[in-house]
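The structure under discussion appears below in the form of structure tokens.
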Amino acid sequence: MNQACQEQGQIMVAYIKQELNPLESARLESHLLNCARCAALEQQLSRSFRVANKWAPQVDDAHLDRLVSRLHPYYESSSRSSSRSSSRRRGPMIGMALAMAAMLAIVAVRYSQDSAPVVEPVIAEIQHVNPTQYVRMVTSGNWAGSVQKPSPEKVLIEMTRGFAVVDFTGGHGRTLEIRGPGAVIEVVGTRFYVEIPPEGQSTIVGVAHGKVRVRGTKDTDLLEAGASREYPLEGSARASNAGTAGAYFTDEFLTEPVVVAPAPVATPVAAPRAEPPPSLRKLFARAEALARRGKSREALAIYRGIAESSNEAEAPFRAIARYEMARLLGFSLRQPKAAERIFTELVSAGDPEVAVEARFARCELDLGVDPCASAACLQSLVSAGPAAVTSEAVSYTHLTLPTNREV
Amino acid sequence: MALIELLFRPPSPEEVVRTHGPAVMRQLRRMFGPHADVDDVFQAVFVEVLRSLPRFRAESKLKTWIHRITLNVAYQEMRMNYRSRGTFAPLDDVSEPSTDVDLEADLLDKQSLEILYAGLGQLNEKKRIAVILHDIEGMTLREISERLGRPLPTVASQVKAGRAELAMWMTARHRSSSDIRALGSTP
């Protein structure tokens with residue numbers, strides 16, 4: 001097997017799963033046209049994964065009975081320790097039982113007109129989230145996701161687990177988008193809930209009042225008050241009668257009126273950077289293209305030329321060139337110390353825009369080595385930089401912090 | 001108070017096994033392959049579930065909690081029996097190819113599944129479980145990271161390395177047998 005086959009083989013599964021960028025895909029496809037062995041491997045892998053993804057092993061009742069009976073010796077000991085444990089916790093359980101009874105009463109009233117609501121007791125701790133003054137959420141304790149604010153009017157929530165009842169006050173160009181497995185929910189102004197079942201293979205959306213547009217993998221629906229549908233990752237949407245969130249529709253946090261805070265004092269904005277001269281623009285474009293093709297050293301030489309240029313017209317762009325140099329050194333040429341030195345210089349240099357980017361990139365340097373240090377570094381940016389960088393830092397922080405330890 | 005008692009009556013151990021057993025069995029078969037005997041792993045999962053059930057704090061759904069225990073037990077099993085699982089029936093054992101197109105397609109599907117799990121059986125347990133959860137179970141890297149309690153970059157590199165080793169193993173296997181070529185010529 002030659003070097004090219006080995007390199008292409010390493011990314012073959014990523015190609016089958018359609019995760020490669022267009023350039024990598026084109027390169028691999030061109031290789032497949034000229035290499036019968038790799039083409040056969042691609043067909044084999046593709047078929048194997050397609051069959052495995054569809055494979056649903058059946059469990060027959062007789063076999064399950066046998067397995068259940070094999071576990072008989074363990075049932076009694078489990079029941080004994082269970083009763084001991086429950087008697088120890090009787091006090092808190094009574095309080096919880098009363099709380100649950102109250103919750104059930106609310107759900108029963110809420111769903112009394114529906115034919116067969118499924119009321120599932122949710123004992124998880126409730127969290128109140130207030131990403132903006134216009135978006136308020138009551139989420140389950142096991143909720144996981146990230147909240148981003150690309151602009152003051154737009155809120156983007158990505159959910160991976162749990163459920164959330166969301167109250168959104170629309171108008172004035174405000175938009176809210178929620179993404180879950182198999183569904184993108186666009187909201188205009190309403191109260192609704194989103195639930196991701198534990199398998200994470202679908203998103204359930206139910207509407208309390210107002211309307212919600214949901215884009216599933218196959219269908220796009222406009223859900224009205226009272227409607228509830230489940231959107232799987234694969235296949236069509238189906239009706240759902242999940243009622244776990246019913247009680248939370250009436251949570252005080254959601255029903256209290258929105259208090260509009262006074263407009264924030266505008267922070268001073270740096271003077272806009274002048275347009276680069278055409279020759280410089282070409283140099284940047286060339287360096288970027290080289291870097292994208294993996295020719296990092298050539299790209300580095302171009303950026304270094306710009307950074308060390310004595311031409312006054314290019315002065316406002318030297319910091320950008322140095323920043324790009326540091327990124328190449330740190331992330332492509334594996335020279336993190338040199339990169340960190342340049343990022344540190346840029347943080348204290350006069351260009352505020354580049355300084356924020358450099359602080360962010362300095363945290364990223366740790367990402368592959370020490371995710372916890374990287375997370376802590378990003379956390380420090382959350383309360384500092386401009387809004388765009390802050391929201392990105394929040395999402396990175398969420399990604400890198402190890403959250404749910406195994407049982 | 002009857003409603004409350006009903007709500008808080010914990011399911012009996014047998015009810016737990018009967019309710020969640022089929023899903024656990026399906027999950028284990030998909031993790032260990034079509035030829036693996038997973039009855040012992042199933043028993044190990046529910047022994048752990050029943051042992052820990054009194055301490056279950058309902059911070060997550062019971063189903064999620066059992067799924068997490070299933071992954072942990074399966075991972076321990078893979079670690080103990082590294083390279084001995086993922087048994088692969090040699091192609092000589094397969095009956096003569098049929099002229100019936102559907103039957104032939106079924107046969108090829110079965111072989112493809114067996115080849116895939118044989119390849120997965122060659123990976124170490126960390127890469128193997130990462131590739132299975134990501135590429136067969138369809139979990140995202142972040143979900144795997146949360147379920148296994150591993151940092152996201154670690155999971156990503158395990159998936160990448162596992163995929164590369166799987167492709168290498170299949171290529172090497174192709175050099176010693178002609179079944180890939182035979183499959184490649186089938187529409």
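Convention: sequence-line order gives letters A, B, ...; per-chain numbering from 1.
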| message | Rounded at 0.5 Å granularity, tell me how far CG in A:Leu67 sits from CZ in B:Phe42. | response | 5.0 Å
| Between OG1 of A:Thr160 and CD of B:Glu143, what distance do you get to the nearest 0.5 Å? | 6.5 Å
Compare every heavy atom of [Y] with every heavy atom of [X], then report the nearest pair and how far apart it is.
{"X": "B:Pro22", "Y": "A:Leu64", "result": "CG-CD2, 3.9 Å"}
{"X": "B:Ser112", "Y": "A:Ser48", "result": "O-OG, 3.0 Å"}
{"X": "A:Gly9", "Y": "B:Ala167", "result": "O-CB, 3.2 Å"}

Test item: [X] and [Y] side chains (from C-beta on) under 4.5 Å apart, heavy atoms:
{"X": "A:Met12", "Y": "B:Met170", "value": "no"}
{"X": "B:Arg163", "Y": "A:Lys17", "value": "yes"}
{"X": "A:Gln44", "Y": "B:Leu108", "value": "no"}
{"X": "B:Thr171", "Y": "A:Cys5", "value": "no"}

| note | Most contact-rich option vs chain B, by heavy-atom pairs under 4.5 angstrom, among A:Gln10, A:Glu42, A:Arg70, is A:Arg70
| Closest-packed option against chain B by number of heavy-atom pairs under 4.5 Å, given A:Gln201, A:His63, A:Gln58 |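 Highest number of pairs under 4.5 Å: A:His63.
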| query | Just wondering, are more than 12 heavy atoms of other shown residues or ligands nearer than 6.0 Å to CG in A:Asn21? | reply |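 Yes - once you tally the heavy atoms of other residues, nucleotides and ligands closer than 6.0 Å, there are more than 12.
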| message | If you count every heavy atom of other residues, nucleotides or ligands that lies below 6.0 Å from A:Glu234 atom CD, does the total exceed 12? | response | no
| Where does B:Gln43 contact chain A at under 4.5 Å (heavy atoms): side chain, backbone, both or neither? | both
| message | Is B:Leu71 in contact with chain A via its backbone, its side chain, both, or neither, using a 4.5 Å heavy-atom distance? | response | neither
| Salt bridge check: are A:Asp65 and B:Arg18 linked by an N-O gap of less than 4.0 Å? | yes
| Under a 4.5 Å heavy-atom cutoff, which of B:Ile136, B:Asp135, B:Leu113 has the most pairs with chain A? |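 Of the candidates given, the most pairs with chain A belong to B:Asp135.
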| message | Once side chain to side chain donor-acceptor pair (under 3.5 Å) is applied, do any residues pair with B:Lys127, and if so which ones, sequence neighbours excluded? | response | B:Glu165
| Checking A:Ala14 against chain B: side chain, backbone, both or neither under 4.5 Å from a heavy atom? | both
| query | With only heavy atoms counted, which part of A:Gln8 is less than 4.5 Å from chain B, the side chain, the backbone, both or neither? | reply |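 Neither part; nothing is under 4.5 Å.
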Return a table of donor-acceptor pairs under 3.5 angstrom between the side chains of residues 50-57 of chain A and protein atoms on other chains or two or more places apart.
{"unit_1": "A:Asn53", "atom_1": "ND2", "unit_2": "A:Phe49", "atom_2": "O", "d": "3.1"}

